[in-house]
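Notes to accompany the following structure.
Computed from heavy atoms alone, side chains included, the values below leave out hydrogens, waters and symmetry copies.
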Amino acid sequence: MSVNDKTKLEAYEDLIAGLQRENKIQNQLIEAQSTMIQTLEEHNAELEKLSVNCPMFK
């Protein structure tokens, strides 16, 4: 393998490693967002229960 081929191979390996890191970060972000959405939905359900029983919201 020539020096140029080795350089290209190393560049591709670096690119793949960078994409894998980015993918991992994106997956972590999606998981965090899903957790936040679930929490907000639960809080909204609790607020809905409170507002139904509270005369101030009628």
Side-chain angles (χ1 to χ4, degrees):
M1 198 182 313
S2 72
V3 173
N4 190 32
D5 289 340
K6 287 182 182 179
T7 302
K8 286 181 183 179
L9 180 59
E10 288 175 2
Y12 283 123
E13 289 172 344
D14 289 344
L15 175 61
I16 290 169
L19 291 171
Q20 288 172 334
R21 284 191 299 273
E22 184 177 339
N23 187 45
K24 181 179 178 183
I25 291 168
Q26 288 176 343
N27 285 337
Q28 290 171 338
L29 177 61
I30 289 168
E31 186 177 328
Q33 289 173 330
S34 295
T35 300
M36 289 189 318
I37 289 169
Q38 181 180 1
T39 301
L40 286 171
E41 288 173 345
E42 291 169 358
H43 288 171
N44 283 342
E46 288 298 316
L47 285 172
E48 181 68 23
K49 288 178 191 175
L50 291 173
S51 69
V52 167
N53 296 320
C54 182
M56 198 166 105
F57 290 108
K58 293 183 180 183

statement: Residues passing the salt bridge (charged side-chain N to carboxylate O under 4.0 Å, His left out) test with K49, sequence neighbours excluded, are E46

Using a 3.5 Å cut-off and no angle test, enumerate the donor-acceptor pairs between side-chain atoms of residues 2-15 and protein atoms at least two apart in sequence or in another chain.
{"residue": "S2", "atom": "OG", "partner": "D5", "partner atom": "N", "Å": "3.2"}
{"residue": "S2", "atom": "OG", "partner": "D5", "partner atom": "OD2", "Å": "3.3"}
{"residue": "T7", "atom": "OG1", "partner": "V3", "partner atom": "O", "Å": "2.9"}

Sequence neighbours excluded and cut-off under 3.5 Å, please list the side-chain donor-acceptor pairs for residues 20-36, or say none.
{"residue": "E22", "atom": "OE2", "partner": "Q26", "partner atom": "NE2", "Å": "3.4"}
{"residue": "N27", "atom": "ND2", "partner": "N23", "partner atom": "O", "Å": "3.4"}
{"residue": "S34", "atom": "OG", "partner": "I30", "partner atom": "O", "Å": "3.0"}
{"residue": "T35", "atom": "OG1", "partner": "E31", "partner atom": "O", "Å": "3.0"}

